[in-house]
> 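Got a structure for you, questions after.
Treat the numbers as computed from the prediction; the structure is a model and nothing was measured.
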Amino acid sequence: MNLSDFAKQLPKNFTEQEFVDLMNQVIDLKTIVDLPAAERSALFNGVQYLVDFIMLAQEANGELHTHQGHPVVDYGGPFIPHFLVRPEGFEMDRTALETFGVGAADKYFGD
């Protein structure tokens, strides 16, 4: 499956597990942890490029949202608690590397 297929097959009201299951059909998520650093960096660059390109397409198509004048990026997948988004006071937890973030938001933000 490629990313375009992922976008077409993701149900409108998907669960975190459905999201992860479909992503695992695009790329074996477990292998990312053990990739050599250079390959993981190259993968990150490819994904970041895709994010930037999609955001430009959203802007060009008038699909971006703001809240009190600040841009808001919509995201509906599982929460991955990395250093940029993990709430203050929480230590790094490797659990999301095994669960792919399914249920992680509950730990950090409650139900």
Side-chain angles (χ1 to χ4, degrees):
M1 174 187 305
N2 64 38
L3 283 172
S4 293
D5 294 333
F6 169 87
K8 292 173 187 170
Q9 292 184 27
L10 188 65
K12 183 174 178 136
N13 296 311
F14 59 88
T15 66
E16 290 182 335
Q17 191 61 55
E18 288 172 323
F19 184 95
V20 168
D21 290 345
L22 281 175
M23 279 301 302
N24 263 316
Q25 292 181 38
V26 174
I27 185 170
D28 184 350
L29 296 170
K30 289 181 182 179
T31 64
I32 294 171
V33 177
D34 296 321
L35 282 175
E39 290 180 24
R40 196 170 33 254
S41 180
L43 183 61
F44 179 87
N45 289 339
V47 171
Q48 184 63 52
Y49 171 83
L50 185 59
V51 167
D52 292 341
F53 193 80
I54 289 170
M55 289 180 71
L56 179 59
Q58 289 173 329
E59 182 180 7
N61 290 317
E63 300 166 353
L64 291 182
H65 308 283
T66 60
H67 177 71
Q68 297 179 351
H70 299 285
V72 174
V73 178
D74 294 328
Y75 171 73
F79 178 68
I80 302 294
H82 60 79
F83 67 100
L84 292 177
V85 297
R86 187 173 45 247
E88 192 173 321
F90 284 90
E91 296 293 322
M92 185 201 60
D93 182 354
R94 297 179 65 87
T95 303
L97 295 174
E98 299 165 15
T99 64
F100 309 114
V102 173
D106 294 341
K107 174 182 178 181
Y108 295 91
F109 307 109
D111 293 329

> Can you name the salt bridge (charged side-chain N to carboxylate O under 4.0 Å, His left out) partners of Asp93, sequence neighbours left out?
Lys107

> Can you name the side chain to side chain contact (heavy atoms under 4.5 Å, CB included) partners of Glu39, sequence neighbours left out?
Leu35, Pro36

> List the residues meeting side chain to side chain contact (heavy atoms under 4.5 Å, CB included) with Asn13, not counting sequence neighbours, and say none if there are none.
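Residues passing side chain to side chain contact (heavy atoms under 4.5 Å, CB included) with Asn13: none at all.
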
> Looking only at atom types and distance, does a side-chain atom of Glu16 sit under 3.5 Å from a main-chain N or O of Gly103, one as donor and one as acceptor?
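The answer is yes, because a donor-acceptor pair under 3.5 Å joins these two groups.
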
> Which ILVMFWY residues are connected to Val72, directly or by a chain of links, through side-chain heavy atoms under 4.5 Å apart?
none

> Can you list, pair by pair, the side-chain donor-acceptor contacts under 3.5 Å of residues 49-64, counting residues two or more places apart and other chains?
residue : atom : partner : partner atom : Å
Asp52   : OD1  : Gln48   : NE2          : 3.0
Asn61   : ND2  : Ala57   : O            : 3.0

> List for me each residue that meets ring pair (Phe, Tyr, Trp, His ring centres under 6.0 Å) alongside Phe83, sequence neighbours excluded, and say none if there are none.
none

> State, to 0.1 Å, how close Pro71 and Thr66 come at their nearest heavy-atom pair, and which atoms those are.
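Heavy atoms of Pro71 and Thr66 come nearest at CA-CG2, 4.1 Å.
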
> Kindly compute the distance separating CD1 (Ile32) from CZ (Phe44), expressed to the nearest 0.5 Å.
12.0 Å

> Which ILVMFWY residues are connected to Val33, directly or by a chain of links, through side-chain heavy atoms under 4.5 Å apart?
Leu97

> Taking side chain to side chain donor-acceptor pair (under 3.5 Å) as the definition, give me every residue that meets it alongside His65, ordered by chain and number, with sequence neighbours left out.
Asp74

> What are the two closest heavy atoms between Val20 and Pro78, and how far apart are they?
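In terms of heavy atoms, the two residues are closest at CG2-CG, 3.8 Å.
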
> Restricting to side chain to side chain contact (heavy atoms under 4.5 Å, CB included), what partner residues turn up for Asp28, sequence neighbours left out?
Asn24, Lys30, Thr31

> Measuring from Leu3:CG to Met23:CE, what's the distance to the nearest 0.5 Å?
6.0 Å

> Could you pull out the closest heavy-atom pair between Met1 and Leu22, with the gap in Å?
CE-CD2, 3.6 Å

> Within a strict 4.5 Å, meaning less than it, do heavy atoms of the Tyr108 and Pro81 side chains meet?
yes

> Can you list everything that forms a ring pair (Phe, Tyr, Trp, His ring centres under 6.0 Å) with Phe14? Sequence neighbours excluded, please.
Phe19

> With a cut-off of 6.0 Å (strictly less than), are more than 12 heavy atoms of other residues, nucleotides or ligands near NE2 of His67?
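12 or below, so no.
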
> Rounded to the nearest 0.5 Å, how far does CZ of Phe6 lie from CD1 of Ile27?
12.5 Å

> Partners of His70 by side chain to side chain contact (heavy atoms under 4.5 Å, CB included), sequence neighbours excluded?
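None.
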
